[in-house]
Amino acid sequence: EKFKTGLEKTRDSFVGKMNELVARYRKVDEDFFEELEELLISSDVGVATVMELIDNLKDEVRLRNIKDTSEIQPVISEKLAELLQKDEEDASLNIQEGAMTVILFVGVNGVGKTTTIGKMAHMFKEEGKSVLLAAGDTFRAGAIEQLEVWGERVGVDVIKQQAGSDPAAVMFDAVQAAKSRNADVLLCDTAGRLQNKVNLMKELEKVKRVIEREVPNAPHEVLLVLDATTGQNAMSQAKQFSETTDVSGIVLTKLDGTAKGGIVLAIRHELDIPVKYVGLGEKMDDLQPFNAEQFVYGLFK
Ligand code: GDP
């Protein structure tokens with residue numbers, strides 16, 4: 001259900017164009033595939049992914065002896081799902097049962113990092129876990145207050161220091177607080193300015209070192225938050241972050257606000273990082289674990 005409503009814009013755009021293509025061509029031929037290729041690329045599916053998808057489609061069409069374009073849509077959804085499922089194995093979060101789980105959130109400003117932390121805090125609370133938030137973005141004006149708003153909304157405490165203080169010191173405090181309160185999950189915000197990439201990456205490494213030192217095998221997840229509405233820009237952010245820090249998963253936000261939901265396929269297929277969660281709205285329960293089958297179902301309804 002969530003995927004169905006959340007993917008409305010992508011579906012309307014993609015399926016609308018798809019139907020138009022099918023109506024115009026009737027016959028499955030080389031020209032049809034060429035236009036389908038263009039359509040997929042314009043939906044931000046990503047060139048390499050589109051190429052593989054089209055190859056798979058052509059094989060299947062030959063195999064099943066499909067001649068009419070009206071028969072092709074189920075084959076497309078099948079092949080899309082196959083492509084997504086291939087990469088899906090490690091989509092779940094690395095949760096430490098019976099011990100503290102530390103999750104670090106990285107990503108540039110405005111992508112929905114704070115919102116995602118709030119939503120995830122809510123999710124863990126619903127599962128009966130105790131949650132703490134660490135206000136590690138001490139740089140952006142208002143970041144701490146915004147996290148506190150989410151903390152209040154969801155009913156979890158935020159460990160913070162003054163704006164401008166050392167994020168590594170905030171993390172140290174937060175880890176100590178989480179230990180003494182026996183928290184199940186510690187969700188850590190970080191600064192997201194990419195203008196000064198070298199400093200940002202140094203800061204991230206320092207924050208990570210503090211966490212590594214204080215909690216065994218932590219951080220258990222480093223989640224990169226990306227904004228789906230930025231399309232290929234999200235891809236390049238993913239590449240930049242993964243070059244400098246170990247990203248264990250992606251949260252793709254604002255899928256509800258874009259017609260370019262195809263970006264999920266590009267990210268999953270072209271980067272070696274699983275999309276673990278997707279944001280499908282601004283409310284606290286608008287966060288969904290990524291599921292290939294549901295995604296493709298939501299895409300075609
Ligand atoms: P941050 O700077 O990365 O912490 O970004 P914020 O969490 O402040 O989010 C920026 C804006 O995006 C806010 O207006 C959020 O409400 C909005 N936002 C975040 N996630 C989603 C989502 O999944 N869907 C929609 N429609 N809006 C979102």
Side-chain angles (χ1 to χ4, degrees), residues 1-13 44 103-123 131 133-154 156 158-160 163 167 170 174 187-197 200-201 203-204 207 221-231 233-234 236-238 240-241 245 247 249-264 267 275-291 294-295 298-299:
E1 258 335 282
K2 274 268 154 64
F3 275 98
K4 250 168 77 178
T5 28
L7 288 170
E8 201 165 77
K9 285 193 182 160
T10 300
R11 182 174 58 244
D12 286 354
S13 152
D44 262 313
I103 303 180
L104 198 62
F105 291 81
V106 301
V108 305
N109 288 337
V111 292
K113 210 163 9 135
T114 317
T115 308
T116 301
I117 293 173
K119 288 171 176 175
M120 213 169 258
H122 172 67
M123 177 188 89
V131 185
L133 307 183
D137 186 355
T138 58
F139 185 79
R140 181 169 67 91
I144 300 170
E145 291 75 16
Q146 208 190 329
L147 196 65
E148 286 186 300
V149 170
W150 268 104
E152 260 170 51
R153 195 176 288 159
V154 176
V156 303
V158 179
I159 305 301
K160 56 164 189 176
V170 177
L187 304 178
C188 309
D189 194 9
T190 62
R193 56 191 192 282
L194 207 57
Q195 302 90 300
N196 195 335
K197 199 174 139 192
L200 173 66
M201 295 307 169
E203 183 177 308
L204 274 181
V207 160
E221 289 279 354
V222 178
L223 296 180
L224 172 63
V225 183
L226 297 173
D227 177 346
T229 63
T230 63
N233 209 347
S236 76
Q237 282 169 25
Q240 288 192 38
F241 270 93
T245 186
V247 175
I250 286 169
V251 179
L252 193 62
T253 64
K254 311 186 199 180
L255 264 182
D256 56 306
T258 179
K260 300 189 162 201
I263 190 74
V264 175
I267 288 176
V275 174
K276 297 206 169 180
Y277 276 80
V278 294
L280 296 165
E282 294 183 279
K283 293 195 299 296
M284 63 173 111
D285 54 4
D286 290 334
L287 185 73
Q288 286 285 309
F290 183 76
N291 176 295
Q294 283 171 17
F295 180 82
L299 213 51

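Just so you know, ligand 1 is whichever comes first in the structure, and atom 1 is the first atom listed for that ligand. All figures in this text were calculated on a predicted structure; none of them were measured in a lab. The first residue in the sequence is number 1, and the count goes up from there.
Side-chain contact between Thr114 and Arg140: present, with at least one pair of heavy atoms (C-beta onward) separated by less than 4.5 Å. Residues Thr190 and Glu203 fail the side-chain proximity criterion, which asks for heavy atoms closer than 4.5 Å.
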I'd like a table of the close N/O pairs between ligand 1 and the protein (anything under 3.5 Å), one pair per line with both atom names and the distance.
from     : atom 1 : to     : atom 2 : distance (Å)
ligand 1 : 2 (O)  : Gly110 : N      : 2.7
ligand 1 : 3 (O)  : Gly110 : N      : 3.3
ligand 1 : 3 (O)  : Val111 : N      : 3.2
ligand 1 : 3 (O)  : Gly112 : N      : 2.9
ligand 1 : 3 (O)  : Lys113 : N      : 2.7
ligand 1 : 4 (O)  : Thr114 : N      : 2.9
ligand 1 : 4 (O)  : Thr114 : OG1    : 2.5
ligand 1 : 5 (O)  : Gly112 : N      : 3.0
ligand 1 : 7 (O)  : Thr114 : N      : 3.3
ligand 1 : 7 (O)  : Thr115 : N      : 2.8
ligand 1 : 7 (O)  : Thr115 : OG1    : 2.6
ligand 1 : 8 (O)  : Gln146 : NE2    : 2.6
ligand 1 : 12 (O) : Lys254 : NZ     : 3.3
ligand 1 : 16 (O) : Glu282 : OE2    : 2.5
ligand 1 : 23 (O) : Lys119 : NZ     : 3.3
ligand 1 : 23 (O) : Lys254 : N      : 3.0
ligand 1 : 23 (O) : Gly279 : O      : 3.3
ligand 1 : 23 (O) : Gly281 : N      : 3.3
ligand 1 : 23 (O) : Gly281 : O      : 3.1
ligand 1 : 24 (N) : Asp256 : OD1    : 2.8
ligand 1 : 24 (N) : Gly281 : N      : 3.4
ligand 1 : 24 (N) : Gly281 : O      : 3.4
ligand 1 : 26 (N) : Asp256 : OD1    : 3.4
ligand 1 : 26 (N) : Asp256 : OD2    : 2.7

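Among all heavy-atom pairs drawn from Ala191 and Phe139, the shortest one is CB-CB, 4.2 Å.
Glu145 CD: more than 12 foreign heavy atoms inside a 6.0 Å radius. Atom NZ of Lys260 is surrounded by 12 or fewer heavy atoms from other residues, nucleotides or ligands within 6.0 Å.
Using a distance-only test at 3.5 Å, with no hydrogens or angles considered, no donor-acceptor pair links the side chain of Thr253 to the main chain of Gly279.
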